[in-house]
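Worksheet for the structure shown next.
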There are 2 protein chains.
Amino acid sequence: LPSENLPDARGPLIAIGGAEDKQKEKRVLWQLVRLAGHTEARIVVLPTASTVPEHLAELYVRVFQELGAPKPEVLHVYERADASDPGVLARLEAATLVFMTGGDQLRLVAKLGGTPVSSMIRKMNARGVPVAGTSAGAAALCQHMIGRGRSGQVLGRHMVELAPGLGLTNRLIIDQHFSQRHRMGRLFSAVALNPFLVGVGIDEDTAACIGPDNRLTVWGRGSVTVVDGHHLSYTNVHEVDGRTPAAVLGMSSHVLTAGCAFDLVDHAAYGPPPPPRPPPPE
Amino acid sequence: LPSENLPDARGPLIAIGGAEDKQKEKRVLWQLVRLAGHTEARIVVLPTASTVPEHLAELYVRVFQELGAPKPEVLHVYERADASDPGVLARLEAATLVFMTGGDQLRLVAKLGGTPVSSMIRKMNARGVPVAGTSAGAAALCQHMIGRGRSGQVLGRHMVELAPGLGLTNRLIIDQHFSQRHRMGRLFSAVALNPFLVGVGIDEDTAACIGPDNRLTVWGRGSVTVVDGHHLSYTNVHEVDGRTPAAVLGMSSHVLTAGCAFDLVDHAAYGPPPPPRPPPPE
């Protein structure tokens with residue numbers, strides 16, 4: 001990754017669609033350990049989104065250790081006051097990767113928003129430290145976060161409730177458990193509400209990695225759906241009521257799998273590199 | 001509709017997404033009666049797709065009568081031999097609109113394909129007679145028909161089984177009960193298999209009317225999703241197995257509601273006409 005050569009660049013953001021494999025190949029979590037520095041890794045696990053945070057944090061600590069990270073640590077942030085604790089901040093500052101678990105993204109942001117922990121995570125990412133989240137932890141990475149929503153393909157304002165997220169990126173809006181929970185309608189609706197945002201719908205056991213060069217790449221078993229309103233020509237999503245479906249014309253979509261990429265600056269999608277050609281016969 | 005002024009042009013095709021209102025406003029079925037000539041209408045109902053054809057045909061005859069069509073007739077085609085019956089063919093030939101009910105599109109095509117009835121329907125449409133179908137009857141309008149498939153957003157060859165349809169259009173591939181049965185994945189997959197086809201996913205109680213000018217317009221309560229692979233830049237749908245999701249880059253989608261249109265020649269989507277501006281102050 002470019003960030004490994006450019007220590008001054010912003011660090012990667014890794015958004016995981018939830019339910020990543022923790023028992024077999026662990027492909028997605030292995031990429032996090034690699035990014036964190038493998039045997040030099042200092043991963044901190046932030047389980048604030050969860051209602052069973054201790055349990056969930058211990059699970060991830062064990063898996064990261066199995067993958068070779070020497071001493072993953074848990075940040076015990078359960079109430080807002082914990083997010084100013086000097087011991088917590090010292091452990092956070094030493095991390096080579098921050099990992100936010102699943103749970104409820106509204107809980108995560110209500111506990112963390114505006115605290116020294118939240119501010120430090122943003123600063124660490126700005127100076128090159130990777131920040132990762134799964135499920136709720138992925139949703140909360142964005143400035144504009146999907147807080148709640150409905151399943152299905154129908155479009156409309158009523159399909160999605162937006163809330164302010166942790167603000168590590170303002171270009172994207174992330175949705176998770178995407179194919180598994182039929183969330184095309186709510187992501188289309190969120191992007192139609194402000195087509196500046198690029199919608200990123202991430203399947204389970206799959207990750208979107210946004211590099212310092214603003215190139216999105218895909219890891220894992222499923223697909224990442226990019227919903228791009230850059231050329232959107234018409235929508236009435238702002239004016240229809242909850243009983244009437246909204247119209248959206250000119251949306252581009254790209255369904256990316258491992259090896260594909262999307263450039264967030266150029267709005268261009270790329271397939272995997274072609275296999276090398278055989279040498280010409282002599 | 002242009003066909004009303006251009007008697008030599010091909011007739012409209014009307015694809016209904018199933019479950020159209022038969023009791024309250026009956027907006028979609030009213031449009032059929034209007035197209036058929038209202039009090040001059042001679043509608044024939046073809047219930048071959050259904051396993052309860054008599055029952056279903058009687059229901060539509062009653063509703064078309066309630067809407068002012070004087071004498072809707074049932075074409076009793078239940079076996080292939082019925083589709084060569086001179087009495088059936090004479091009643092069909094006199095029709096001002098052909099309506100095919102729901103049921104199973106594979107049944108419909110297996111009974112009708114290659115028969116004089118099927119051939120006459122194509123010829124009648126070519127000389128201006130509107131042909132309409134709901135649910136299975138809509139799917140079967142196309143040259144390439146979705147015979148079976150799976151629900152969900154995932155892409156892949158295994159999501160969709162294609163079969164040869166009645167061939168009234170070769171530009172489109174139609175899917176029905178679209179939002180209600182979560183059929184985005186199978187329509188994307190069908191279009192990715194040959195991006196010449198424009199995918200048209202029609203919600204329940206909603207219709208896509210393809211005019212003689214190859215302009216698709218929308219009637220009814222829901223939306224019609226157009227999936228256009230005209231600018232598709234990459235897919236591996238042909239080579240991935242059933243356990244691996246396929247990638248598709250550069251798909252355009254348009255979610256149209258009543259008043260919107262899609263031009264099948266230019267691949268351009270249009271919103272409803274803007275409301276008239278108030279006159280300038282004097």
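All chains are named by letter (A, B, ...) in the order of the sequence lines, taking the proteins before the strands, and each is independently numbered beginning at 1. Just the heavy atoms: all of them, side chains too, but no hydrogens, waters or symmetry mates, feed the values below. Treat the numbers as computed from the prediction; the structure is a model and nothing was measured.
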How far apart are the closest heavy atoms of A:S179 and B:V154, and which atoms are they? CB-CG2, 3.9 Å
Determine whether A:S233 and B:Y270 make a side-chain contact, defined as any pair of heavy atoms from C-beta on separated by less than 4.5 Å. no
Within a radius of less than 6.0 Å around CD of A:Q23, do more than 12 heavy atoms belonging to other residues, nucleotides or ligands occur? no
Please name the residue in the list B:L256, B:V224, B:T257, B:T206 that meets the side-chain contact (heavy atoms from CB on, under 4.5 Å) test with A:P245. B:T257
Chain A contacts: which residues in residues 259-269 of chain B have a non-hydrogen atom closer than 4.5 Å to it? B:C260, B:A269
Heavy atom to heavy atom, less than 4.5 Å: which residues from residues 194-205 of chain A reach chain B? none
With chain B as the partner, which of A:P272, A:A258, A:S151 has the greatest number of non-hydrogen pairs under 4.5 Å? A:P272
Residue-level interface, residues 100-108 of chain A with chain B, non-hydrogen cut-off under 4.5 Å: none
In this structure, NE2 of A:H182 is separated from CE of B:M184 (nearest 0.5 Å) by 12.5 Å
Could you pull out all donor-acceptor pairs under 3.5 Å where a side-chain atom in residues 169-176 of chain B meets a protein atom, sequence neighbours excluded?
unit_1	atom_1	unit_2	atom_2	d
B:T169	OG1	B:R171	N	3.2
B:D175	OD1	B:R186	NE	3.4
B:D175	OD1	B:R186	NH2	2.8
B:D175	OD2	B:R186	NE	2.7

Can you check whether A:M251 reaches B:H254 side chain to side chain, under 4.5 Å on heavy atoms? no
Between the NE2 atom in B:H231 and the NE2 atom in A:H231, the distance rounded to the nearest 0.5 Å is 9.5 Å
Between B:A192 and chain A, with a heavy-atom cut-off of 4.5 Å, which part of the residue counts as in contact: side chain, backbone, both or neither? neither
Under a 4.5 Å heavy-atom cut-off, does chain B meet the side chain of A:R243, its backbone, both or neither? neither
Between B:L249 and chain A, with a heavy-atom cut-off of 4.5 Å, which part of the residue counts as in contact: side chain, backbone, both or neither? both
If we ignore angles and hydrogens, is there a donor and acceptor under 3.5 Å between the side chains of B:S253 and A:S253? yes
Just by modelled atom types, is the B:R183 backbone N or O under 3.5 Å from a matching donor or acceptor in the A:Q153 side chain? yes
